[in-house]
Amino acid sequence: MKRLILTTLTVCLLTGAAFAQSTANDDVTVSANLVPAITVTQTANLAFGNVARGSTNPVMSPINGNLTAGASTGSSTVGQLTVTGAPGEAVTISAPSSLNLTQSSGTSLIVFTPSFAESASASTGYSAGSTFTFSGSQGGTSAATHYVRVGGTLNISGATASGAYTGTLTVTVTYDSL
Amino acid sequence: MQKRWSLFVWLLASFWVCAGVAQPVQVTETASTNIKIVSAIQITVLNNVDFGTLALDASSVTLNPKTGAVTAGNGAVSVGRVRIEGEAAQGVIISYQAVALPNQTATFTPSVIGAQGVKGQSNATALASGTAVTLNRNGRYHVWVGGDLNVASASTGAFSGRVTITAAYNF
């Protein structure tokens, strides 16, 4: 009977880094600053009132809502929008350069050319223009409020039929840098 | 005569007994082991992911890890960057997992790319978690992190997220 004896070779390393680290991990952080989207709410429609055919086309100022040319009777109101968005951010107002106002029946139309004014206050301080910057500091996450008025010019000719004319103007407000 | 015969038998028996209970023969063998000592693997985060300022008017925003381009926001972004170091030319498995931190209303899905060269970002290879790569001759491999931020249901405020990246030797 023989016994086979195996001697095993045991190696023990007594060094400073005896067992090399074979796995490592670390974290990459992810960040973003989320600010409000723009909202646009119409609070008053644009109305020229009763306009007479004449030599001067009616013009409504978006700054003060007054007719600065042409003649009108009855109530006229400037169009009004309330816009909210991220504080400190610049925006641009855009709309079609002209809009055809039509009658409910008939083919006569009136070309309307819009113009805009903006203010940080609802009733005062309007400046003509199609750009503005929300109040407050950039990066803020509570929505700021701004106001836009819509005026414009009606192009009425001697051939324009009498009657009521309506149209819908789509106004878009867009962040310049977001 | 009989006594001598008995003695002989006795001696013979003794011999047999001794032979039957023979001492074990020792045989020694050696088992050789090969041990390769390698550098400890290290991972270093050189840059974190930042999407900059985003307005909540898009459902999802993408940060391209190759180019640094972002599909929305003010563009003040940064692509995450990670360096893996270890034994030259050694195989490594890279795995990663996005960690959703509490009270966050946006969700982040990482897009990870890698290359042996530190200047290889624009041509880097897309890495699914668990991909095997090879460290370069200097023992390094470079990883960049971008991804998608889903803000469809998000609220305003600061978003915080985390991607845990693991590198393990692939012996």
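Since the model is a prediction, treat every value here as computed from it, not as a measurement. Letters A, B, ... are given to chains in the order of the sequence lines, protein chains preceding strands, and every chain is numbered from 1.
- The OG1 atom of A/T23 lies 7.0 Å from the CD1 atom of B/I41; values are rounded to the nearest 0.5 Å.
- Taken to the nearest 0.5 Å, the CD atom of B/E87 stands 13.0 Å off from the OG atom of A/S22.
- In terms of heavy-atom pairs under 4.5 angstrom with chain A, the leader among B/F159, B/F171, B/F51 is B/F159.
- Contact annotation for B/I165: both backbone and side-chain heavy atoms come within less than 4.5 Å of a heavy atom of chain A.
- Taking B/A72, B/A158, B/A168, B/A167 one by one and counting their heavy-atom pairs under 4.5 Å with chain A, the maximum is reached by B/A167.
- When B/V45, B/T166, B/T44 are each tested for a side chain to side chain contact (heavy atoms under 4.5 Å, CB included) with A/D26, only one passes: B/V45.
- Atoms CG and CZ, on A/D27 and B/R162 in that order, are 4.5 Å from each other to the nearest 0.5 Å.
- With respect to chain A, the highest number of heavy-atom pairs below 4.5 Å among B/I93, B/L56, B/V151 belongs to B/L56.
- Heavy-atom distances place no part of B/S78 under 4.5 Å from chain A, backbone and side chain included.
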_Walk me through whether B/T164 and A/N25 qualify under side-chain hydrogen bond (donor to acceptor under 3.5 Å, both in side chains)._
CA-CA 7 Å; B/T164 300; A/N25 61 61; over 6 Å; no

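- Between the B/T156 side chain and the A/V35 main chain, no donor and acceptor come within less than 3.5 Å of each other.
- Only the backbone of A/S177 has a heavy atom closer than 4.5 Å to any heavy atom of chain B.
- Only the side chain of B/V82 comes within less than 4.5 Å of a heavy atom in chain A; its backbone stays farther off.
- In this structure, the separation between OG1 on B/T53 and OH on A/Y175 is 10.5 Å, given to the nearest 0.5 Å.
- Contact of B/A58 with chain A is not made at all, since no heavy-atom distance falls under 4.5 Å.
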